[in-house]
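Chain identifiers are assigned alphabetically (A, B, ...) following the order of the sequence lines, protein sequences preceding nucleic acid strands; residue numbering begins at 1 within each chain.
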Amino acid sequence: MSEQSATVQKRERTGAYDPSVIEPRWQAWWAARGTYRAPNPGEPGFDPARPKFYVLDMFPYPSGAGLHVGHPEGYTATDIVARYKRARGFNVLHPMGWDAFGLPAEQYAIQTGVHPAITTRKAIDTFRRQLQRFGFCYDWSREFATIDPDYYRWTQWIFLKLYNSWFDTGDRQQATGNRQQAAGSGQQAAGSGQQATGSGQQEEAQKHTGTEAHRDEGRGAQTWDGAEGKGRARAIEALVAELESGEREPRINPEAAEHSTADKAQVFGSWSTLDRATKRRIIDSYRLAYLAEQTVNWCPKLGTALANEEVTADGLSERGHFPVFRKPLKQWMLRITAYADRLLDGLNVVDWPESTRIQQTEWIGRSEGAEIEFPLADVGVVQQDGPELRGEAGLRGGAGLRPAAGQPTLRVGSKDSTTEGDGSSMSLHPPSVVADVEVGREPVVRAATFVGRDPYPPGEPSPHDLIAQARRLPHLELEGATYFVTWKTADGLPLSRHERTMALKALGHWDGQRCRVYLANVMSNHVHWIVRPFEGVRLGDLVGSVKKFSAREIHAGRGAQGRLWQEERFDHIIRDERWFTAFTYYVLRNPVVAGVVKKPSEYDHTWVHEEVCAAEGLSLAAGSSENCPTGGRSETCPTTQPCPTTQPCLTTQPCPTLETCPTLENRPTLRVFTTRPDTIFGATYMVVAPEHPLVARVLENPAPETDVQKLRAYVEAARNRGDVERMAGAEKTKTGVFTGVYCINPAVAAESTVAAGSTDPVFAAHPARIPVWTADYVLMGYGTGAIMAVPGQDQRDWDFAEAFDLPIVRTVQPPEGFDGEAYLGDGPAMNSGFLNGLDIDDAKRRIIDWLEERGVGRRRVQYKLRDWLFSRQRYWGEPFPIVFDEAGNHYPVEECHLPVTLPEMADYHPEESDEPRPLLAKASGWARTTAGAAGVRAATDEADVLGLPPDARVSRETNTMPGWAGSCWYYLRYCDPKNPACFSGPEAHQYWMGRGGVDLYIGGSEHAVLHLLYARFWHKVLFDLGCVGTIEPFRKLFHQGLITSYAYQRPDKSLVAVDAVEEVEEGRFIERETGKPVAQVVAKMSKSLKNVVNPDDVIAEYGADTFRMYEMFMGPLEASKPWNPRDVGGLFKLCNRIWRLFIDPDTGEVGETVTTDEPTREALRILHKTIQHVGEDVEHLKFNTAIARLFDFVNALTPMERRPVAVLEPFLRVLAPFAPHLAEELRHRLCAAGLIPDAPAESPSITGLAWPEHDEALAKDDEVEIAVQILGKVKAKIVVSADADEATLERVALADAKVQEQLAGKTVRKVITVRGRLVNIVAG
RNA sequence: GCCGGAGUGGCGGAACUGGCAGACGCGCGGGAUUCAAAAUCCCGUUCUGGCAACAGAGUGUGGGUUCGAUUCCCACCUCCGGCACCA
């Protein structure tokens, strides 16, 4: 201390440059005067005439270790820009604050019991003190930390915005459309949906904020501030209103990742009839914040969940080596996937580094392709009632088809007690396949593919189309539904009139008792039935009962036995009156069209409920056959006609009837996602992930070829491999096991015919029959967890096919001479039937159309992006403003009751527990409360599903938000950090966030993906809700490079710490202990290598100005570069030299060389060059070259005997952004010496002064040296006036003696002249 | 493996849109100042050959386009960052 102050005194006395004195002085002065305070619109001192510039640093986490030299790199850059822009007349917003929640403080609390807030505040104070020592021009009046209740109150508020919003895809019209409709009309529907969305947007924006919309209107920049389309967030009330009005069908959000496809397929009655729980389920499925069960790595010993990186390869915690288990836990998720497309689109309007945009694009991972259904050839394994099939498995339900055990072929069989015994005697039209519905046992077929789309076509299709459509749909059994059911007689045996009457009686038997029968109709060989089972009655039971009863009666009459009715039946839910009418109309009109009767009323085996007869608009006699493509004959397809189905028929014989047509329809299918549907003909096998439900199902119910043991072993191994071998690195060899099951390749099937006379109904030798394998190179989490393997065009598939000797078929013609394996390039399709000759794009279009027409596939976009897991089982984070009632329903805390603050804890030790439990749950006094105390809205009445009675017992959400939460919106709070009424006041927000948001955002590339993606997501939600006015938050983004350090490396590449090495001579280093030579290398700074540079030390030695200039001079801002202590001195020297341009070191006064002379031409030239180049370089963030220009200036001025103040003073204003203390000091000294007038009273600081204007003419050199090349080699130099034209250049160059010499004996062929550059003579 | 970025003196780096490669700094060499040192100022500093004038080579490697290439194209090598069997 005493030694240091002695040095200081000496420096002061001698007038040497001493940053340790001048820097703290000016820092205090700036702080006292509020020099860097940026007033908001409306505040005193705000100048609305100036444009704004918002320059932002990435939110630092104040670690206990304090600042390292990497931090100030970006901060210096933004500081320079902020100062420069201020000098250029901008109102600059340049704030700083703290992303302060974080694990280290909590860990420390666990160890010591010190409240994390205390630890964190201390770290913040250290950081602030360190940052202030750099002289950064932050507006500290705007400082806040994410741990401030005043701040996280609004983080919670935004969470509630997410919670209370849903993503309207704008497909309401499509909701009543059909997924199988032609692509053209589908697009039309989507288009009009978007339009509707767009027009409603502004309106709703106003509605939501309650205040003025934050939207930045009239700025005109469509790309920035316009509506985006592709759907948007809206208030949940709008959803409820749509549901209540009937505008939207009540159903589970089809886009909800947390719901199974079966959930999403459920069709509910009208909104008003639904119970509370169902209404809630539907609403919650739409929220942008939702609860879902997620697997966590739970470590009971640590009482905490661990990130994947914190778990070792052997399933132990990295910390402590305790066992870790995978446990499901209900956690909050944010529906970021809804914004996948918009997050992609936004990347096109921002000025960001290309690499970051690419990283984000890849993270979102959009791939366009097709989803294709591959019918399973062996369907015995797929009982349609299994809960497994409800997941994302992609197994489509059809009628359950079942092979006889041990037989490779399908035969008619039954478990029906009435037909026990010989199944073969029941064969129908061999070799066809008959579906087997196990009536009375488990007839419900879950709809695994009923995803996201309403099954009913738009407009008014013909009844025939409806029926055909219904046939393709999965069967559903739902409480309260009305069904259309139809089945045939076995063998198509005709019924007599008497038998038909009996059947009709049976169909009507339970009317009024167990069901309501709306329509019953018995034809000579089949029945139609429209029925609504009463509550608690199952459709399957009813059908079974009717069949059994009628069969017994009829058989008795005939004296026959066995099966009367076909086991297959079609049932489908009738959802609304339109459909009801259509089905009824179809049933009644069909006999007329078929010519059985003249009009429906003549049909005597029909019974229609009065209600139906009375129904409006049902005109039974109306209609004609013209809109029925098969002339109404599809029900009784005669053998003389081709099969009327749209599916390719695989048998060689004409189908007797539709129901027995062994086409691919109505089989269970394996659904795949592919980006190369054009290669479908080359799909020679299938692969499903080991976790795929099909595999479990096969294990339960093996196919004849299944090697159960091997399969089971593989699945087990794959499960373990998930965690263990992921770390072990890329595993090259492909592994897998054949499941024993086959699929039918629908494209190959359609193009091939089975040889006539084949008796094999499941195409045992057919090329369309392809094996299904399981292998862990297929991931359950992407697509459908199943692929069609196309070895010819996919290297992974190729490798797999090679390994397991599976067929390879090329379907894209590789170029001549191609000797690779899989061919991924473009080329004409081959071996692909109707696709042959088409290039990839055309083939894709063609095949997708083809698939869609047949209902076996569709266009599909897939994303890698997953929803954002938003819950952490930690104490030190933002509490969720959510409570749960005793039934487990969640309720938001009302806005006026925010913030929900963290409770005090007795200690921070997690409880050791097998059950995942967040730490906060220990604060039971806090967690258990009442709805009123927690601030939940009081329920208005019974029907109010979103409120609670105030005295209802509730428990608080005990998870907390993740670290990302607070940093997602901090840039908005800076605009208006103290506003108690709003997250950011509209006026301030509009001003600072106008014109594309943050104008310059600098931070490390480690945040290139997650932080920037999450923040953009929140911003877009807030945009949709009218809370912000730009579609993107950060207009220009820049990543500073890493600051590395030197370390030393032994010949074996191991690193040696800096303090263990000695430099024996220039550039030669040895390891002190061994004396062996080591090489100097660049490495990341790390404690272990002892190469960490502490900024405090550097500042103590050289001062902040030197530090700032060194960091900027090291190299390009974006590059990684090593900290070289030796180089720092060079910048200190620069500061000293600048000092001495002004100050006589002997006297400490302004030197006598500083004059009021008229500047010389030379002095003016260097000044204006400096102004110009530094300005340009700062604009381009090229600070290293800007500082080189400062060197140039000093180099030019140093030798001058007389230095005009008219040149020195503007130079200080150029210097100020880089070395603000030095510039401020010197300017004040010039004032004090009377060499320049005092600065204006309102801004006595150099900070308030304008950037000097440069004069282009003065900056120009009078004469320039021009290189003269002969054949591109410089041979001579000539000096000409700077504006010499081409002719002059050529003349002077050719006249040059040296040139003459070189050209002797040669002919000049051509002379190329570039003004101000060179002359190149082509001679020979 | 894929995607992105980068390879230039002893070192950090510069070179606008294809136009004198090595700005600027560090280090090093020489000189001035000094009793001496530090500091400061001046000169030099890509390599090879030559006392020198000068000559030749040279921007990771190999090829190409061009009057002219660090810059554009093709192939390859090395390093850094990101993703990782994404169908």
(message) When you compare the side chain of A:R1137 with that of A:N1195, does any pair of heavy atoms fall below 4.5 Å?
(response) yes

(request) For the side chain of A:V1322, starting at C-beta, report the closest nucleotide among B:rC11, B:rC67, B:rG13. (result) B:rC67

(request) Ignoring backbone atoms, test whether A:R1126 places a side-chain nitrogen or oxygen under 4.0 Å from the OP1 or OP2 oxygen of B:rG25. (result) no

(request) Grab the CD1-P distance between A:I1043 and B:rC80 for me, whole Å please. (result) 19 Å

(request) Hey, could you give me the CZ/OH distance between A:R796 and A:Y777, rounded to the nearest 0.5 Å? (result) 7.0 Å

(request) Could you please name the option among B:rU40, B:rC26, B:rC67 that lies closest to any side-chain atom of A:K1310? (result) B:rC67

(message) Both A:Y1046 and A:T1185 contact RNA chain B. Which one's nearest nucleotide lies toward the 5' end?
(response) A:Y1046

(message) Once you apply a heavy-atom cut-off of 4.0 Å, does A:D1192 come out as touching a base, just sugar-phosphate, or nothing?
(response) sugar-phosphate

(request) Describe the nucleic acid contact of A:Q359 in one word from base, sugar-phosphate, nothing, applying a heavy-atom distance below 4.0 Å. (result) sugar-phosphate

(request) Using a 4.0 Å heavy-atom cut-off across all strands, classify A:R1189 as base, sugar-phosphate, or nothing. (result) nothing

(message) Side chain of A:R1137, heavy atoms from C-beta onward: which of B:rA87, B:rC85, B:rC41 has the nearest atom to it?
(response) B:rC41

(message) I'd like to know whether the aromatic ring centres of A:F800 and A:W773 sit less than 6.0 Å apart in this structure.
(response) yes

(message) Heavy atoms from C-beta onward define the side chain here; which of B:rG25, B:rA87, B:rC24 lies closest to that of A:L1131?
(response) B:rG25

(request) Among the candidates B:rC85, B:rC26, B:rA87, find the nucleotide nearest to the side-chain atoms of A:S367. (result) B:rA87

(message) Closest-nucleotide mapping onto RNA chain B: is A:Q1269 or A:N1195 further toward the 5' terminus? I mean the 5' end.
(response) A:Q1269

(request) Pick the P atom in B:rC73 and in B:rG22, then give their distance to the nearest Å. (result) 25 Å

(request) Going by the side-chain contact (heavy atoms from CB on, under 4.5 Å) test, name the single residue among A:K844, A:R810, A:Q793 that passes it with A:T679. (result) A:Q793

(message) In whole Å, I'd like the distance from the CG atom of A:L824 to the C1' atom of B:rG1.
(response) 13 Å

(message) Centre-to-centre under 6.0 Å for A:F1107 and A:Y1102, is that the case here?
(response) no

(request) Quick one: label A:P1116 by what it contacts on the DNA or RNA (base, sugar-phosphate, nothing), any heavy atom closer than 4.0 Å. (result) sugar-phosphate

(message) Of the listed nucleotides (B:rG25, B:rU40, B:rC42), which one gets closest to any side-chain atom of A:R1140?
(response) B:rU40

(request) Find the distance A:E1118:CD to B:rA14:C1' and express it as a whole number of Å. (result) 13 Å

(message) Heavy atoms from C-beta onward define the side chain here; which of B:rG25, B:rC42, B:rC67 lies closest to that of A:I1312?
(response) B:rC67

(request) Give a yes or no on whether the backbone of A:G1103 and the side-chain of A:T1106 come within a donor-acceptor separation of less than 3.5 Å. (result) no

(message) Closest approach to the side chain of A:L1318, judged atom by atom: which nucleotide of B:rC54, B:rC20, B:rC24 is it?
(response) B:rC20

(message) With a cut-off of less than 4.0 Å, is there a side-chain N or O of A:K864 near OP1 or OP2 of B:rC83?
(response) no

(request) Using distance alone, with no hydrogens and no angle criterion, decide if A:T739 and A:Y714 have a side-chain donor and acceptor under 3.5 Å apart. (result) no

(request) Can you tell me which stems involve RNA chain B, if a stem is defined as three or more consecutive Watson-Crick or G-U wobble pairs, both distances under 3.5 Å? (result) B:1-7 with B:77-83, B:10-12 with B:24-26, B:27-32 with B:40-45, B:46-49 with B:54-57, B:60-64 with B:72-76

(request) To the nearest Å, give me how far apart CG (A:L1289) and P (B:rG68) are. (result) 20 Å

Atom pairs under 3.5 Å: protein N/O with N/O of nucleotides 43-46 of chain B:
none

(message) Which heavy atom of A:I840 sits nearest to which heavy atom of A:R676, and what is that distance?
(response) CD1-NH2, 3.3 Å

(message) With a 6.0 Å cut-off on the ring centroids, do A:Y685 and A:W798 count as close?
(response) no

(request) Could you give me the CA-CA distance, side-chain angles and deciding distance for A:Y1110 and A:D1105, then say whether side chain to side chain contact (heavy atoms under 4.5 Å, CB included) is met? (result) CA-CA 8 Å; A:Y1110 172 64; A:D1105 284 337; over 6 Å; no

(message) Are A:K1298 and A:K1277 packed together at the side-chain level, in the sense that at least one heavy-atom pair is separated by less than 4.5 angstrom?
(response) no

(message) If we count only N and O atoms by modelled type, under 3.5 Å, do the side chains of A:T356 and A:H1039 hold a donor and an acceptor together?
(response) yes

(message) In whole Å, measure the gap between the C1' atoms of B:rA14 and B:rU46 for me.
(response) 14 Å

(message) Please classify the nucleic acid contact of A:G365 as base, sugar-phosphate, or nothing, using heavy-atom distances under 4.0 Å.
(response) nothing

(message) Does A:N1320 contact B:rC67 through a side-chain donor or acceptor facing the base, at a distance under 3.5 Å?
(response) yes

(request) Would you classify B:rG44 as syn or anti? Syn applies when the glycosidic angle is within 90° of 0. (result) anti

(request) Figure out the CG/P separation between A:L779 and B:rA87, and round it to whole Å. (result) 10 Å

(message) In whole Å, I'd like the distance from the CG atom of A:D1296 to the P atom of B:rC20.
(response) 18 Å

(message) Using a 4.0 Å heavy-atom cut-off, does A:V1128 contact any base of the nucleic acid, only the sugar-phosphate backbone, or nothing at all?
(response) nothing

(message) Nearest whole Å is fine: how far is B:rC24 P from A:F1191 CZ?
(response) 11 Å

(message) Using a 4.0 Å cut-off on heavy atoms, which residues in residues 1174-1182 of chain A reach RNA chain B? List them by number, or say none.
(response) A:K1182

(message) As an exercise, state the distance from CZ of A:F804 to CG of A:D799, rounded to the nearest 0.5 Å.
(response) 11.0 Å

(request) Would you check, one step at a time, whether the test side chain to side chain contact (heavy atoms under 4.5 Å, CB included) holds for A:N1091 with A:Y1046? (result) CA-CA 7 Å; A:N1091 60 359; A:Y1046 288 116; over 6 Å; no

(request) Could you tell me the separation between the NZ atom of A:K844 and the C1' atom of B:rA87, rounded to a whole number of Å? (result) 12 Å

